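Scroll down for the structure; my scribbles are underneath it.
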Amino acid sequence: MDFKLTEDQIMLRDTVRRIAAENFAPKAAEFDEKETFPQENFRILSENGLLGIQVPEEYGGAGAGMLSLILTVEEVARACAGTSVILTTQALASDPILLGGTEEQKKTYLYRLASGECMGACAITEPGAGSDVSGMKTAAKKVDGGYLLNGSKIFITNGGVSEIITVLAYTDKEKGNKGISMLIVEKGDKGFTVGKEEHKMGIHASDTRELIFEDVFLPENRLLGGPGNGFKILMQTFNYTRPAVGAQALGIAQGALDAAISYAKERVQFGKSLASFQGMQWMIAEMALAVETARTMVYRAASTIDAEPASPDIPRIASMAKWYASDTAMKVTTDAVQIFGGYGYIREYPVERMMRDAKITQIYEGTNQVQRIIIANQILK
Ligand SMILES: Cc1cc2nc3c(=O)[nH]c(=O)nc-3n(C[C@H](O)[C@H](O)[C@H](O)COP(=O)(O)OP(=O)(O)OC[C@H]3O[C@@H](n4cnc5c(N)ncnc54)[C@H](O)[C@@H]3O)c2cc1C
């Protein structure tokens, strides 16, 4: 891959690859089996300064840019997709503060997230509001000195292990999307509770929760970007976080391709290795083509964000990267299971987990149908 990475980016990628291979890969199956949150992996990511790689240094991050975040997510996902969710969710929680926060909010909340002091979550989805956030019921009513938050959220990644949560709520329902705001909730806020944990098809190492808000008082300084700016902040956040989900998908696909190549070389049938059959060779070549194409798209989206953060192309290329890379992850992991034959269907081998982990990348951060809507809107307008 001769994409123009700087020396620093190559060093970062190789360092994260080593950390992930030594620490995350050996325990990926165990975390998947036990469905437990990998607290020790959070600690390793934090100690290595990887939780705010794209966040400017003055706010606790590494100031290394989006492409560096993408390289980090890809390498971690290649070893353990569940652990890579910690990185993508930290970005999803941090970016609304980075994009819409005041200096004080950035120095307080963003700093804690980017420096790896604690984990963050971002709460948008509700039972009646998935692809269409306007169906949301959660509301923040203006009261003396702040807001009173009421409502509930579902499917919130790391909701049970986070201390800082960026929450989407109506401050004025009559105004539609212009009446939506983004607020910061802290774990200890009175009236905030964590509800049931979901049991999922894949990414078992991530924590997926219901969050409940009952008369949670939030002072004025918890509102991000002023009242009514929440929808705009969310859309800008997604422009930045969709390539990161693309990188997660890319890492899963690369991990499955690596496993399929090794297996095809070792497994002997009809007196020859699987890798010697043309049918297998073509399948592997097609998988490699899709992975390389996905990598080009994801790196291009990230590089554009780094070079031209206000480029009007970003929503389209961010959506394209997320859509293509996640479809690639699903196809490549399914083909990897096929190359393993019956063994691919058995939990002892990693490709079965990778195929389950890949599926979510087609669903969250906007389903791939939603990505098509965004791309078509931008092309046709
Ligand atoms: C493991 C997991 C983690 C998650 N983490 C988070 C999180 O951290 N924070 C958060 O806020 N949310 C999170 N989510 C929620 C996730 O973002 C939503 O599930 C997703 O946006 C889809 O919403 P929905 O499930 O309500 O599906 P729906 O919106 O009901 O969609 C159902 C189907 O209809 C399709 N569809 C909907 N509208 C259209 C249309 N106009 N045209 C064509 N097709 C359409 C969709 O593509 C989909 O295939 C998570 C979900 C899961 C499963």
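Quick caveat, the model's predicted, so the values are computed rather than measured. FYI, side chains are in, hydrogens and waters are out, and symmetry mates aren't considered; it's all heavy atoms of this structure. Note that the numbering runs from 1 along the sequence shown for the chain.
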When you check the side-chain N and O atoms of Ser326 and Gln362, is any donor under 3.5 Å from an acceptor? no
Is there a path of hydrophobic side-chain contacts, each under 4.5 Å between heavy atoms of I/L/V/M/F/W/Y residues, joining Tyr263 to Met355? yes
Return yes when atom NZ of Lys200 has more than 12 non-hydrogen atoms of other residues, nucleotides or ligands closer than 6.0 Å, and no otherwise. yes
How about CD on Glu7, more than 12 heavy atoms from neighbouring residues, nucleotides or ligands closer than 6.0 Å, or not? no
Hey, any chance Met119 and Ile164 share a hydrophobic cluster, counting ILVMFWY side chains that come within less than 4.5 Å of each other, even indirectly? no
One pair to check against side chain to side chain contact (heavy atoms under 4.5 Å, CB included): Met330 and Lys359. What are the steps and the verdict? CA-CA 6 Å; Met330 204 60 242; Lys359 184 62 201 172; 3.8 Å; yes
Does anything in residues 347-372 form a ring pair (Phe, Tyr, Trp, His ring centres under 6.0 Å)? List the pairs, not counting sequence neighbours. Phe340-Tyr349, Tyr343-Tyr349
Going by the rule ring-ring contact (aromatic ring centres under 6.0 Å, His included), which residues pair with Phe277 if we only count those two or more places apart in sequence or in a different chain? none
Which residues end up grouped with Phe155 if you chain together Ile, Leu, Val, Met, Phe, Trp and Tyr wherever their side-chain heavy atoms are less than 4.5 Å apart? Ile154
Could you walk me through whether Leu149 and Arg222 pass the side chain to side chain contact (heavy atoms under 4.5 Å, CB included) test, one step at a time? CA-CA 11 Å; Leu149 183 70; Arg222 299 289 191 86; over 6 Å; no
According to a 4.5 Å side-chain heavy-atom criterion applied to Ile, Leu, Val, Met, Phe, Trp and Tyr, with indirect links allowed, do Tyr109 and Ile53 form part of one hydrophobic cluster? no
I'd like to check Leu224 versus Asn229 (side-chain heavy atoms, cut-off strictly below 4.5 Å). Are they in contact? no
pair Arg267-Met280: side-chain heavy atoms closer than 4.5 Å: no
With clusters built from Ile, Leu, Val, Met, Phe, Trp and Tyr whose side-chain heavy atoms come within less than 4.5 Å, directly or transitively, what are the remaining members of the cluster of Met201, listed by chain and number? none
By side chain to side chain donor-acceptor pair (under 3.5 Å) - contacts of Thr157 (at least two apart): none
Is the number of heavy atoms from other residues, nucleotides or ligands within 6.0 Å of NZ (Lys142) greater than 12? yes
Only pairs at least two apart or in different chains count here, so list each ring pair (Phe, Tyr, Trp, His ring centres under 6.0 Å) that has a residue in residues 31-87. none
Which residue in the set Leu87, Val298, Thr88 passes side-chain contact (heavy atoms from CB on, under 4.5 Å) when paired with Gln248? Thr88
Take atom NZ of Lys196 as the centre, draw a 6.0 Å sphere, and report whether it contains more than 12 heavy atoms from other residues, nucleotides or ligands. no
Sort out for me which residue in Leu257, Leu250, Ile252 forms a side-chain contact (heavy atoms from CB on, under 4.5 Å) with Gln254. Leu257
Taking atom CD of Glu197 as the centre, report whether more than 12 heavy atoms of other residues, nucleotides or ligands fall under 6.0 Å from it. yes
Taking Ile373 as the starting point, is it possible to reach Ile124 by hopping between hydrophobic residues whose side chains are less than 4.5 Å apart? no
Charged N to carboxylate O below 4.0 Å: is that the case for Asp335 and Lys331? yes
Polar side-chain atom of Asn377 near backbone of Ile374 as donor-acceptor pair, under 3.5 Å: no
For atom OH of Tyr111, decide whether the heavy atoms of other residues, nucleotides or ligands shown that lie under 6.0 angstrom number more than 12. no
Is the shortest heavy-atom distance from the side chain of Asp95 to the side chain of Gln54 under 4.5 Å? yes
Contact between Leu51 and Ile86 at the side-chain level, heavy atoms closer than 4.5 Å - yes or no? yes
Under 3.5 Å, side chain of Gln378 to main-chain N/O of Pro312, donor-acceptor pair present? yes
Any side-chain heavy-atom pair from Asp172 and Pro227 closer than 4.5 angstrom? no
Tell me who clusters with Leu380, hydrophobic residues only, linked when side chains sit under 4.5 Å apart either directly or through other members. none
Could you state the interatomic distance from CG (Leu183) to OG1 (Thr171), rounded to the nearest 0.5 Å? 7.5 Å
Got a sec, which pairs hit side-chain hydrogen bond (donor to acceptor under 3.5 Å, both in side chains) with one end in residues 278-290, sequence neighbours left out? none
Provide the full list of side-chain hydrogen bond (donor to acceptor under 3.5 Å, both in side chains) pairs with a residue in residues 143-154, sequence neighbours left out, each pair given once. Glu126-Lys153, Asn150-Asp215
Taking atom CD as the centre, does Glu348 end up with more than 12 heavy-atom neighbours from other residues, nucleotides or ligands that are less than 6.0 angstrom away? no
Are side-chain heavy atoms of Phe24 and Leu45 found at a separation under 4.5 Å? yes
4.5 Å side-chain heavy-atom contact, Arg356 and Asp32: yes
Residues clustered with Leu289, ILVMFWY side-chain links under 4.5 angstrom: none
Distance-only donor-acceptor pairs under 3.5 Å for side chains of residues 234-241, two or more places apart:
unit_1, atom_1, unit_2, atom_2, d
Thr237, OG1, Ile233, O, 2.8
Thr241, OG1, Thr237, O, 3.2
Thr241, OG1, Glu365, OE2, 2.7

Tell me whether Ile212 is reachable from Ile165 by hopping between hydrophobic residues (I, L, V, M, F, W, Y) whose side-chain heavy atoms are closer than 4.5 Å. no
List the atom pairs, with distances to 0.1 Å, where a side-chain N or O of residues 61-75 and a protein N or O form a donor-acceptor pair under 3.5 Å, not counting sequence neighbours.
unit_1, atom_1, unit_2, atom_2, d
Ser68, OG, Ala64, O, 2.9
Thr72, OG1, Ser68, O, 2.8
Glu74, OE1, Tyr299, OH, 2.6
Glu74, OE2, Arg295, NE, 3.1
Glu74, OE2, Arg295, NH2, 2.8
Glu75, OE1, Arg17, NE, 3.0
Glu75, OE2, Arg17, NE, 3.4
Glu75, OE2, Arg17, NH2, 3.0

